[in-house]
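Down below is the structure, laid out as structure tokens.
Just follow the structure's listing: the first ligand is 1, and inside any ligand the first atom is 1. When reading the values below, keep in mind they use all heavy atoms of this one structure, side chains included, and skip hydrogens, waters and symmetry mates. No experiment lies behind these values; they were computed from the predicted model shown. Counting from 1, the numbers follow the sequence of the chain as shown.
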Amino acid sequence: MDTRPIGVFDSGVGGLTVLHECLVTMPHEDFVYLGDHARLPYGPRPLGEVRGFAREIALYLEAQDVKLIVVACNTATSAALPQLQETLAVPVIAVLTPEVHSAVQATRNRRIGLLATQGTVDSGRYAELVHALDAGVEFFPVACPRLVPLIEGDDPYGEQTEDAVREYAASLKEAEVDTVILGCTHYPLIRPIFQRAFGRDVTLVFSAEETARDVAETLARKGIENEVSREGVYRFLTTGDPAAFREMGRRFLQLPIGEVEHVALAQLEGAAA
Ligand code: DGL
């Protein structure tokens, strides 16, 4: 048994889609979630910079005595997963690979689209992983730079979001993909908008549930689960505005988030120094 919490991080509230699935799968575990709102969005930044941010956050969470870290951000995963696994003593679980598995299994016409941030598309990680599983798949990546700021903005379900999604979906519809990976943890927060844009014949894939399963299996195999009869407690941290995070978190997670703690960037930098 291991009573330490699990650390989860993202650039913002997107990782709450992964946290939600973790809470469903492991209600007895404690979690500490960090949103790096002060530096959001990660998508347009150079991958090396995002790698540095991910390293700082992961080392900060490790110093908070977490037993496992979930990288609940596709951009950070694309930029930094191998380096995080090399640097940290605790296991690191990430998004991305589970989505690729699901997408390759789901496609019937072997035409798969990807919607993701610029950084994720530029990293080429999805294309590599898709082709490692099925070299015959035709793969169509589309960077969606407008989406994360809109989802984190004042009107996430508004007309501008609808227009942006339609615009990004258009080239994938033209390419006749039958499966689309939502390759950013923010995107499931507006899933109905994607579903309307693509219709019923396109399968939308995202990996929060598989990632949560991965976390649960890792804890079980390593014998570091918490007592199953207990109820978990959650801590929320942000480098940005705690009140704004609390509001967005409540809305998207439908969880009465109590206190949100502010973490200064200097504290993150200090953990990595
Ligand atoms: N949720 C992050 C991801 O999965 C968003 C990145 C960003 O801040 O642009 O990529």
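For R230 and D30, the salt-bridge test passes: some basic side-chain N is under 4.0 Å from an acidic carboxylate O. Looking at R213 and E209, a side-chain N of the basic residue comes within less than 4.0 Å of a carboxylate O on the acidic one, giving a salt bridge. Residues E162 and R166 are paired through a salt bridge, judged by an N-O separation under 4.0 Å between the basic side chain and the carboxylate. By the 4.0 Å N-to-carboxylate-O rule, R39 lies too far from E49 to be salt-bridged with it.
The heavy atom nearest to atom 8 (O) of ligand 1, considering only S11, G43, S78, G15, is found in S11. Comparing D10, N74, T77 against atom 4 (O) of ligand 1, the shortest heavy-atom distance belongs to N74.
Interface of T117 with ligand 1, defined as ligand atoms under 4.0 Å from a residue heavy atom, comprises 6 (C), 9 (O), 10 (O).
The backbone and the side chain of T75 each have at least one atom closer than 4.0 Å to an atom of ligand 1 (non-hydrogen atoms only).
Residues G136 and R110 come closest through the heavy atom pair CA-NH2, 3.6 Å.
By the 4.0 Å heavy-atom criterion, G12 is excluded from the residues contacting ligand 1.
What sits closest to atom 7 (C) of ligand 1 on the protein, heavy atoms only, is Y42 N, 3.1 Å.
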